[in-house]
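Single-structure report; data block below.
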Amino acid sequence: MSSITLKGLVGALVLASVGLAISACNTSKATVDTFAKFTSSTSPGEFINADGVVQESQKARLFTAVVFENLEQDIARGNGEYLTSLAVLLKIPAGEQDEFRTLSQSEYPLLFASDRRTAESMLATLTSKREDH
């Protein structure tokens with residue numbers, strides 16, 4: 001019983017923390033909508049382990065959902081702290097990060113196509129394109 005309560009509390013705290021971080025940043029409705037769609041399609045147990053830490057496999061997804069618009073700007077430029085952070089979360093070796101940034105920028109029109117402009121879609125497409133290279 002206490003384990004379930006603790007997991008629920010941890011999940012609520014994580015979501016509240018992310019919500020506070022979002023409200024503290026200069027975000028737009030699109031970023032909030034993207035994050036809301038992401039969190040509504042997942043449950044805290046899906047991306048948080050028993051210790052209350054975001055699972056390694058979910059870090060890039062959560063990051064992308066939270067900083068989607070900032071990441072879009074970095075990808076358009078081909079550089080920036082959000083794009084570098086994404087590369088680290090995707091475990092791209094330092095020696096391959098320049099290539100990753102170049103690939104991301106060259107795929108910008110596909111990554112942010114208006115008919116599927118979501119964090120989930122962008123991350124899946126970017127990951128797929130990287131695997132193709």
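- From Leu83, atom CG reaches atom CG of Leu126 across 8.0 Å, with rounding to the nearest 0.5 Å.
- Taking every heavy atom of both residues into account, Ser106 and Leu103 meet most closely at OG-O, 2.9 Å.
- Taking CG of Leu71 as the start and OG of Ser104 as the end, the distance is 8.0 Å to the nearest 0.5 Å.
- Looking at residues two or more places apart in sequence or on another chain, you find no salt bridge (charged side-chain N to carboxylate O under 4.0 Å, His left out) involving Glu107.
- Every residue meeting the ring pair (Phe, Tyr, Trp, His ring centres under 6.0 Å) condition with Phe112, not counting sequence neighbours, appears here in chain and number order: Phe68, Tyr108.
- The salt bridge (Lys or Arg N to Asp or Glu O under 4.0 Å) analysis of residues 122-133, with sequence neighbours excluded, yields the pairs Glu96-Arg130.
- Qualifying salt bridge (charged side-chain N to carboxylate O under 4.0 Å, His left out) partners for Arg77, counting only residues two or more places apart in sequence or in other chains: Asp74.
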Could you go through residues 84-95 and list every donor-acceptor pair under 3.5 Å that involves a side-chain atom there, pairing it with any protein atom two or more places apart or in another chain?
unit_1 : atom_1 : unit_2 : atom_2 : d
Thr84  : OG1    : Gly80  : O      : 3.0
Ser85  : OG     : Glu81  : O      : 2.8
Lys91  : NZ     : Glu56  : OE2    : 2.8

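- Remark: side-chain polar atoms of Thr125 are not paired, donor with acceptor, to backbone N or O of Met122 under 3.5 angstrom.
- Side chain of Thr64 to backbone of Leu123: no donor-acceptor contact under 3.5 angstrom is found.
- A donor-acceptor contact shorter than 3.5 Å is absent between the side chain of Ser128 and the backbone of Ala124.
- For Asp98, the side-chain hydrogen bond (donor to acceptor under 3.5 Å, both in side chains) partners are Arg101, not counting sequence neighbours.
- Nearest heavy atoms, Ala119 versus Ala65: CB-CA, 3.7 Å.
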